[in-house]
Visitor: 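Sharing a structure below in structure tokens format, with a few things to ask.
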Amino acid sequence: MKSPRFTTLAVRGSYDHAESASHRGSLSEPAYLTTAQHFESTEAMFAAAADERDDWVYSRRGNPTVRFLENTVAALEGYQVDAEVSAAVTTTGMSAVTMATTPLLSTAVGANPNIVASSACYGSTTMVFTKRYGEERGVGVRWVDDPLSIEEWARRIDDDTRFLYAESPSNPTVQLVDIPALAVLARQAEIPLIIDSTLATPALVRPLALGADVVVQSLTKAAGASGRSMGGAVIARHDLRLRAHPPEMAADFAGYLRRGLLRDTGSVLSPFNAWTLLGDIRELRTRVDTMSSNALRVAEHLAGRADVVEVFYPGLESHRSHAIAKRDMWLVDSDVDGREAVNRFGFLLCFRPAGGTRAAYEVLDRLDLIWRANNLGQVKSTATIPATTTHKQVGDADPGQGPVPPDMIRLSIGLEHLDDLIADLDQALDGPRA
Ligand SMILES: *Cc1c(COP(=O)(O)O)cnc(C)c1O
């Protein structure tokens, strides 16, 4: 078979006819809801425990169902990437953020490490860097105030910098970074560029193809769109250039995590959750396509209303990241057979209704179809006010960190019909009939 397209990889993953034969022909990937494996002999057990055969042994070291998900995630994120790619899946997106960064901060390879990160990061990521690394472990945390300024990134890097980190688009203000330009800086410094690509998903952007080294995904979001399981993934290209670290870490970073930190600390995904996520991830492209084209229409509609002060969406020309979004956000394989490639800008947008914070609470309260909930990327549209929910910890800890206006509503567009979504937003903005 010539190299399969994105949707084929999403549907099939690594579970092909041959693989199914060793699972009694099961058409669906079986859920191995078990803690450990029985061996036919002592010798076989020793060989598996010594990693001499590709086996799993104990579900904290690995599990066949979890491995099917890892292989699928690696195939999607590695699509059209000119390198070998592998993945490690984790309990949550935050666990993936922690796994992707912790090993790079080892003081065994040098004292006083620092990191350089975009100031537009998810609330809990900001807390991991500021509190867990900065305050508790003395890591220097250098925030880039304007993530679009390559000059500012360059200025903050020195010989003790261990990695560059950015979210693109960021949650909640949907700001992008210039991944290819940051990749040049990272290569020069021989440190990895880590991108949290949760809001783009591999259906729209594959950061590894744009030059990034490591990708973090919260599978809780659009990958697991039915909203049944949390999960995360660290996906990395092989043969990283890591100035300060052992060669086995550089050779296969995700494999190194699976065999080391992930196994030792036990942040492994439950096989049941892996199984539900496998069911969802197959339709990622179609779903993200529909959600994103509806999100653009919603953003345009809101921007056209006189009682909406501001709309944040990379698909709008008014957004600061619009030029980069137009350059980098494409629906995967929309250009096959000579067709013109299609821009898609994701399913997340934010808006500020006129009238301030009180008015924003009232608009949120009047939503009748859209759910008031702190998740995103789901087939069900959801809305929240990040300043008082997902980003509250950050605002409490440091009011200067990450500008999230208190009257900004974050909207994640799902798969309901566009007309119904717009009608719900209109009635919420119009307010009670006089
Ligand atoms: C939600 C989210 C995370 C954290 O994922 P969890 O699965 O909730 O732990 C990380 N990054 C971004 C951009 C997110 O939206």
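Computed from heavy atoms alone, side chains included, the values below leave out hydrogens, waters and symmetry copies. Numbering of ligands and ligand atoms starts at 1, following listing order.
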Visitor: Is K221 paired with D280 through a side-chain N to carboxylate O contact shorter than 4.0 Å?
Guide: no
Visitor: Hey, does the side chain of R344 reach the backbone of L204 with a donor-acceptor pair shorter than 3.5 angstrom?
Guide: no
Visitor: Check each atom of ligand 1 against the heavy atoms of D196 and keep those under 4.0 Å away; list them by number with element.
Guide: 10 (C), 11 (N), 12 (C), 13 (C)
Visitor: With S229, which of T92, T91, T220, T276 fulfils side chain to side chain donor-acceptor pair (under 3.5 Å)?
Guide: T276
Visitor: Report, in ascending order of atom number, the atoms of ligand 1 lying under 4.0 Å from any heavy atom of E167.
Guide: 13 (C)
Visitor: Considering only non-hydrogen protein atoms, determine which one is nearest to atom 14 (C) of ligand 1 and report residue, atom name and distance to 0.1 Å.
Guide: K221 NZ, 3.0 Å
Visitor: Starting from atom 7 (O) of ligand 1, find the nearest protein heavy-atom neighbour and note its residue, name and distance.
Guide: T220 OG1, 2.6 Å
Visitor: Please state which part of M94 comes within less than 4.0 Å of ligand 1, counting heavy atoms only: side chain, backbone, both or neither.
Guide: both
Visitor: Do S381 and E416 pair up side chain to side chain, a donor and an acceptor below 3.5 Å, judged on atom types alone?
Guide: yes
Visitor: Give me the ring orientation class for Y165 and F163: parallel if the planes are under 30° apart, tilted from 30 to 60°, perpendicular past 60°.
Guide: perpendicular
Visitor: Please say which of T173, N171, T384 ends up in a side chain to side chain donor-acceptor pair (under 3.5 Å) with R410.
Guide: N171
Visitor: Go through the steps to decide whether F68 and H23 satisfy the test ring pair (Phe, Tyr, Trp, His ring centres under 6.0 Å), and finish with yes or no.
Guide: CA-CA 13 Å; F68 293 141; H23 306 277; 5.6 Å; yes
Visitor: Considering distance alone, does some N or O of G93 sit under 3.5 Å from an N or O of ligand 1?
Guide: yes
Visitor: List every atom of ligand 1 that sits less than 4.0 Å from any heavy atom of M230, numbering the atoms from 1 in the order shown and giving each element.
Guide: 7 (O), 8 (O)
Visitor: For atom 5 (O) of ligand 1, find the nearest protein heavy atom and state the residue, atom name and distance (0.1 Å precision).
Guide: S218 OG, 3.0 Å
Visitor: Who's the nearest protein heavy-atom neighbour of atom 4 (C) of ligand 1, and how far?
Guide: Y122 CE2, 3.5 Å
